[in-house]
K.L.:
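Pasting a structure below so you can have a look.
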Number of protein chains: 2
Amino acid sequence: MVNKRELFQILTRRLGLLNKNCCDYKSLDISLVQSHILYEIRRQDYPSIQQVAETLGFDITTFSRQIQTLVRKRLVSKVQAPEDKRVYLLSLTDKGFLVEEQIDKKLNTYLDEIFSHLSPEEQKKVIDAATLLNRAMLESDTCCLPPL
Amino acid sequence: MVNKRELFQILTRRLGLLNKNCCDYKSLDISLVQSHILYEIRRQDYPSIQQVAETLGFDITTFSRQIQTLVRKRLVSKVQAPEDKRVYLLSLTDKGFLVEEQIDKKLNTYLDEIFSHLSPEEQKKVIDAATLLNRAMLESDTCCLPPL
DNA sequence: TAATATATTTGTATTTTGCAAGTACTTGTT
DNA sequence: AACAAGTACTTGCAAAATACAAATATATTA
């Protein structure tokens, strides 16, 4: 039997590096964490700060400040929710959307390059397996959640 | 066709969270980064500081300090190489080895739990695909390397 | 209305990070 | 041999990230 930790440690690290290199745009001054935040705000429909922080497994106080930074950079817009004024709803500004799109394109290009080293059948296998694994992690209740 | 970025963004994040939660032992005062360093030192044979920093895609100055911290914690031993006194060779102390082993066990337990949500065939598919993907990333020369 | 709960922010202290510059040692060139 | 250039690592410094505790603002409940 394969050593799972070995396998996934390397995989996780490489995927992490991929993200880091792709999205750590010096020119845009976007950190890896910030690129994850942009991604998640784009995906969710006007999420609250807490919602995004939870999704990303982040401490909320750190998160609050990260959002402030992104708002200052005019990448994220933060509006008080009319139905509950404690909550602030997040969305991407036009500029934020463009940046996110740019990162998305770049990452897809990198992924395509990686996939070009695989045969079409292998590519399908990897896609299917990633989907399976995602599902399994979602079903697991001990893993992949924010720290206790 | 699936959106690869979407798929892998989630996968990467979940795997990252898995690592974070597993290894961020409050009691031991080990950070995620430090657990990666312990892993890599265990895996390599008396690597130099530079070697490990490169493997992990880390800035060497940050790394130098992280090693100092681990040495202070008596988890890592750092010895000047006799054949080239500029180089310092790293290895785990007994204590460091025990900590690494503990993290390794915990991570494998978590991974087993995730895999328990898959059928035996699915498990094999995931393992095979992860191996394929690792290979493809290794073959790629544009991805997964330390930043330019 | 008071007490309690929730979402977010701020105060503060610590840690991490990375650039530039430094030290220590080695290798190559003349 | 001597000295220039290169390599491995460290340190100074300043900025950013982080997290705990406490504060603020609003909502809900008793």
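Protein chains get the first letters and strands the later ones, always in sequence-line order, with residue 1 at the start of each.
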K.L.:
Nearest to the side chain of B:Arg65, which nucleotide is it out of D:dT18, D:dT10, D:dG12?
P.N.:
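So the side chain of B:Arg65 is nearest to D:dG12.
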K.L.:
What's the verdict on side chain to side chain contact (heavy atoms under 4.5 Å, CB included) for A:Arg135 and B:Glu122, showing C-alpha distance, side-chain angles and the deciding distance?
P.N.:
CA-CA 11 Å; A:Arg135 205 202 66 214; B:Glu122 290 174 330; 3.9 Å; yes
K.L.:
Have a look at A:Phe63 and say if it touches a base, only the backbone sugar-phosphate, or nothing, with a 4.0 Å heavy-atom cut-off.
P.N.:
nothing
K.L.:
Take the protein atom CD1 of B:Ile30 and the nucleotide atom C1' of D:dT18, then report the distance between them rounded to whole Å.
P.N.:
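It works out to 17 Å between those atoms.
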K.L.:
Quiz question: by atom type and distance under 3.5 Å, do the side chains of A:Thr55 and A:Glu40 form a donor-acceptor pair?
P.N.:
no
K.L.:
Would you call A:Glu100-B:Arg5 a salt bridge at under 4.0 Å N-O?
P.N.:
yes
K.L.:
Which whole-number value in Å describes the distance from B:Ile67 CD1 to C:dT17 P?
P.N.:
12 Å
K.L.:
Choose from D:dC20, C:dG18, C:dT16 the nucleotide whose nearest atom is closest to any side-chain atom of B:Asp59.
P.N.:
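Among the listed nucleotides, the one closest to the side chain of B:Asp59 is C:dG18.
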K.L.:
To the nearest 0.5 Å, how far apart are CD in B:Gln123 and CG in A:Leu132?
P.N.:
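So the gap between those two atoms works out to 10.5 Å.
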K.L.:
Name every residue in residues 36-43 of chain A that has at least one heavy atom under 4.0 Å from any atom of DNA chain C, in order of residue number, or write none if there are no such residues.
P.N.:
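Residues of residues 36-43 of chain A under 4.0 Å from DNA chain C: none.
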K.L.:
Starting at atom CD of A:Gln34, determine the distance to atom C1' of D:dT18, rounded to an integer number of angstrom.
P.N.:
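It is 14 Å, rounded to the nearest whole Å.
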K.L.:
What's the CG-P distance between A:Leu90 and C:dA7, to the nearest Å?
P.N.:
14 Å
K.L.:
A:Gln68 CD to D:dA16 C1': how many Å, rounded?
P.N.:
14 Å
K.L.:
How long is the line joining CG of A:Leu32 and C1' of D:dA17, in whole Å?
P.N.:
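To the nearest whole Å, that distance equals 13 Å.
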K.L.:
Quick one: which of C:dT17, D:dT18, D:dT10 gets closest to the side chain of A:Phe58?
P.N.:
D:dT18
K.L.:
Check every atom of C:dT8, D:dC20, D:dT10 against the side chain of A:Ser48 and return the nucleotide holding the closest atom.
P.N.:
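Closest nucleotide among those given: C:dT8.
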K.L.:
Which letter, B, S or -, goes with each nucleotide of nucleotides 22-30 of chain D from 5' to 3', with contact meaning a protein heavy atom under 4.0 Å?
P.N.:
---BBS---
K.L.:
Given D:dA8, D:dT18, D:dT10, which nucleotide is nearest the side-chain atoms of B:Gln50?
P.N.:
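Nearest to the side chain of B:Gln50 among the choices is D:dA8.
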K.L.:
Is there a side-chain contact between B:Ser64 and the phosphate of D:dT10, meaning an N or O under 4.0 Å from OP1 or OP2?
P.N.:
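True: B:Ser64 side-chain N/O within range (under 4.0 Å) of D:dT10 OP1/OP2.
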K.L.:
Check whether any side-chain heavy atom of A:Ile60 lies under 4.5 Å from a side-chain heavy atom of A:Glu54, and answer yes or no.
P.N.:
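No - every pair of side-chain heavy atoms lies 4.5 Å or more apart.
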K.L.:
Measure NZ/A:Lys73 against C1'/D:dA16 and give the value in whole Å, please.
P.N.:
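A:Lys73 atom NZ is separated from D:dA16 atom C1' by 10 Å.
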K.L.:
When you check the side-chain N and O atoms of B:Gln34 and B:Lys73, is any donor under 3.5 Å from an acceptor?
P.N.:
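Present: a donor and an acceptor within the cut-off.
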K.L.:
Starting at CG of B:Leu11, measure out to CD of B:Glu6 and round the result to the nearest 0.5 Å.
P.N.:
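It comes to 12.0 Å.
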K.L.:
Do A:Lys125 and A:Glu121 meet the salt-bridge criterion of a basic N to acidic O distance under 4.0 Å?
P.N.:
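No, A:Glu121 and A:Lys125 are not salt-bridged.
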K.L.:
Ignoring hydrogens and angles, tell me if any N or O in the side chain of A:Thr93 forms a donor-acceptor pair with the backbone of A:Leu75 under 3.5 Å.
P.N.:
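Indeed, once roles are kept as given, a pair shorter than 3.5 Å links the two residues.
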K.L.:
For A:Leu89, which fellow cluster members are found when Ile, Leu, Val, Met, Phe, Trp and Tyr are connected by side-chain heavy-atom distances below 4.5 angstrom, either directly or through intermediates?
P.N.:
A:Tyr46, A:Val87
K.L.:
From CD1 of B:Ile49 over to P of D:dT7, roughly how many Å is that when rounded to an integer?
P.N.:
18 Å
